2 protein chains.
Amino acid sequence: MVDGIRRGRMDADEARRRVLDAAERLFYARGIQAVGMDEVRDAAGVSLKRLYQCYASKDALVGAYLEHRDLRWNAALADHVGRVADPRERVLAVFEFLSEWFRTADFRGCAFINAFGELGPASPPVAAAARGHKGALRARLRALAAEAGAADPDLLADQLLLLTEGAIVAAAMGTADRPAERARSAAKALLDAATMSDQPLSARRPG
Amino acid sequence: MVDGIRRGRMDADEARRRVLDAAERLFYARGIQAVGMDEVRDAAGVSLKRLYQCYASKDALVGAYLEHRDLRWNAALADHVGRVADPRERVLAVFEFLSEWFRTADFRGCAFINAFGELGPASPPVAAAARGHKGALRARLRALAAEAGAADPDLLADQLLLLTEGAIVAAAMGTADRPAERARSAAKALLDAATMSDQPLSARRPG
DNA sequence: ACGTCGAGAGAACGATCGTTCTCGTTGTCG
DNA sequence: CGACAACGAGAACGATCGTTCTCTCGACGT
């Protein structure tokens with residue numbers, strides 16, 4: 001009974017991983033409400049009983065999906081930005097990351113924007129996860145803006161955040177051509193404007 | 001028999017109007033999948049039979065909802081921009097329109113982004129409506145950019161579109177402070193950058 | 001006034017979905 | 001070898017939802 005854990009626990013971890021992988025793929029590709037637990041079970045190759053042992057409810061699975069997605073996405077962005085040294089280029093690297101992301105075969109927008117639009121008002125946990133994800137992104141953009149020498153890092157961070165979210169939405173809906181490149185060009189212009197460091201921004205404005 | 005149409009058609013139009021009003025309010029506030037036909041019936045104050053006489057299915061009602069929303073939103077934006085004469089100010093008026101919109105009590109993001117995130121892949125009509133709406137917005141921004149003298153109106157239009165969509169998303173999720181004002185400041189900088197070849201920055205006057 | 005048509009209210013139906021339960025099997029340990 | 005716990009497969013259950021059907025009643029034309 002005690003040692004039953006030996007193999008049981010290994011299998012349980014494996015099952016959890018497969019369930020979460022399947023859920024992430026399906027929820028992201030087709031939306032949360034459109035995917036039933038039966039489909040997750042099929043894709044994960046486990047039994048329903050096992051599925052509910054791993055995640056006690058669909059809500060719990062959705063929470064784990066968003067949490068995992070947040071970790072992966074943040075790590076991928078950090079990795080991409082981390083390869084660049086120049087502070088200004090680090091800001092623009094965010095948009096090169098977006099460009100690569102948009103080209104991935106299964107790209108379907110931001111999981112958090114989608115989940116928020118789908119369940120936001122009806123599901124406080126989903127809303128909180130979405131806000132947390134975007135809050136972390138804003139914090140990262142603010143840090144990059146400050147390192148790049150922006151006169152007002154909060155302002156530039158918000159502007160970059162708007163460009164990022166807009167590019168993601170436009171890429172998902174196909175409403176703009178090469179949205180990442182357009183966002184990058186806009187970010188460059190805003191970065192220039194924010195770091196005309198030693199004079200014009202303040203000199204240009206009267207009192 | 002012919003005249004039976006007289007009163008019948010009046011009531012039918014009235015019922016259609018009330019059904020569409022109720023559906024628009026409910027779908028926008030809580031999402032499409034979260035609102036059942038029974039609830040639309042209650043809010044509209046008609047019978048289910050009448051409801052299905054007005055709109056043959058929920059899909060048809062969703063289509064009418066998006067179409068009506070598109071008309072109203074475009075008209076409101078056109079009205080707001082139309083009150084401004086200066087070409088550069090007309091571009092920025094878009095973001096003042098957003099600012100007012102975001103402050104309305106029932107604001108809950110862009111109906112088309114929400115609907116697309118909710119049903120996009122599963123519902124081609126919804127996806128088409130969303131793309132049509134954003135396509136019209138992009139065309140309007142392109143025209144404004146051209147009138148304002150942008151060197152590359154397509155580039156500026158896309159950049160402004162990204163700012164607009166980003167501001168809407170950020171406003172809906174509450175991830176940025178005063179997103180409309182931030183988007184406006186970014187738009188101004190981009191507008192400056194896009195029209196600098198004609199006139200130097202020093203010749204510009206802040207609005 | 002009477003028969004007919006259509007409207008309203010809501011029951012009913014079929015499908016779907018989240019969740020639980022049953023049952024037959026298997027693998028393990030004493 | 002035999003009991004027992006856990007597992008897989010899938011039926012079952014209760015709820016919800018889109019849609020249709022039934023029943024009753026009131027309004028209109030002749």
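The chains referred to below are lettered A, B, ... by the order of the sequence lines, with proteins before strands, and numbering in each begins at 1. Because the structure is predicted, anything quoted here is derived from the model rather than measured.
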Peer 1: May I ask you to say whether A:R30 pairs ionically with A:E39, meaning some side-chain N is under 4.0 Å from a carboxylate O?
Peer 2: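 Yes, charged N to carboxylate O under 4.0 Å.
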Peer 1: Using atom CD of A:Q33 as one end and atom C1' of C:dG18 as the other, report the distance to the nearest whole Å.
Peer 2: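 Atom CD in A:Q33 sits about 13 Å away from atom C1' in C:dG18.
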Peer 1: Can we call the ring centroids of A:W101 and A:F95 under 6.0 Å apart?
Peer 2: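 That pair fails the under 6.0 Å test.
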Peer 1: Charged N to carboxylate O under 4.0 angstrom, A:R17 versus A:D21?
Peer 2: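 Result for this pair is yes, salt bridge flagged.
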Peer 1: Take the protein atom CG of B:D42 and the nucleotide atom P of C:dG8, then report the distance between them rounded to whole Å.
Peer 2: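 From B:D42 CG to C:dG8 P: 14 Å.
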Peer 1: Of all the nucleotides listed (D:dA9, D:dG10, C:dT19), which has the minimum atom distance to the side chain of A:R41?
Peer 2: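 Side chain of A:R41 sits closest to D:dG10.
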Peer 1: Separation of A:D38 atom CG from C:dA15 atom P, in whole Å?
Peer 2: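 After rounding, the gap between these two atoms is 16 Å.
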Peer 1: B:L51 CG to C:dG10 C1': how many Å, rounded?
Peer 2: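 For the pair B:L51 CG and C:dG10 C1', the rounded distance is 14 Å.
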Peer 1: When you get a sec, tell me which of C:dA9, C:dT20, D:dT19 is the closest nucleotide to the side chain of B:S47?
Peer 2: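 For the B:S47 side chain, the nearest candidate turns out to be C:dA9.
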Peer 1: Report yes if at least one side-chain N or O of A:Q53 is closer than 4.0 Å to OP1 or OP2 of D:dC7; otherwise report no.
Peer 2: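 Indeed, a polar side-chain atom of A:Q53 lies that close.
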Peer 1: Would you mind classifying the nucleic acid contact of A:V40 as base, sugar-phosphate or nothing, using non-hydrogen atoms under 4.0 angstrom?
Peer 2: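 The answer is nothing, as A:V40 stays clear of every strand by at least 4.0 Å.
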Peer 1: Can you say whether a donor on the side chain of A:K58 sits under 3.5 Å from an acceptor on the base of C:dG18, or the other way round?
Peer 2: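 Side chain to base: no pair below 3.5 Å.
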Peer 1: Identify, residue by residue, the members of residues 17-32 of chain A with a heavy atom below 4.0 Å from DNA chain C, and return them in order of residue number, or none.
Peer 2: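 Within residues 17-32 of chain A, no residue comes under 4.0 Å of DNA chain C.
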Peer 1: Between P on D:dT20 and CZ on B:R50, what's the gap in Å once rounded to a whole number?
Peer 2: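 Between P of D:dT20 and CZ of B:R50: 17 Å.
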Peer 1: Could you tell me the separation between the CG atom of A:L48 and the P atom of C:dC17, rounded to a whole number of Å?
Peer 2: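 It works out to 13 Å between those atoms.
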Peer 1: Which pair of non-hydrogen atoms, one from A:A93 and one from A:V84, has the smallest distance, and what is that distance?
Peer 2: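 For A:A93 and A:V84, the tightest heavy-atom pair comes out as CB-CG2, 4.0 Å.
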Peer 1: The side chain of A:K49 is closest to which nucleotide in this list: D:dC7, D:dG10, C:dG18?
Peer 2: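 My answer, after comparing the listed nucleotides, is D:dC7.
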Peer 1: Less than 3.5 Å apart, any donor N or O on the side chain of B:R178 or B:S99 sitting next to an acceptor on the other?
Peer 2: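 There is no such pair (donor and acceptor under 3.5 Å, judged by atom type) between the side chains of B:R178 and B:S99.
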Peer 1: Between B:R138 and B:D158, does at least one N-O distance fall below 4.0 Å, as a salt bridge requires?
Peer 2: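 Counted as a salt bridge, because a side-chain N and a carboxylate O are separated by less than 4.0 Å.
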Peer 1: Rounded to whole angstrom units, what separation is found between the CE atom of B:M37 and the C1' atom of C:dG10?
Peer 2: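 In whole Å, C:dG10 C1' and B:M37 CE are 16 Å from each other.
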Peer 1: Within the 3.5 Å criterion, strictly below it, is a donor on B:H80 or B:E96 matched to an acceptor on the partner's side chain?
Peer 2: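 Result is no, nothing qualifies.
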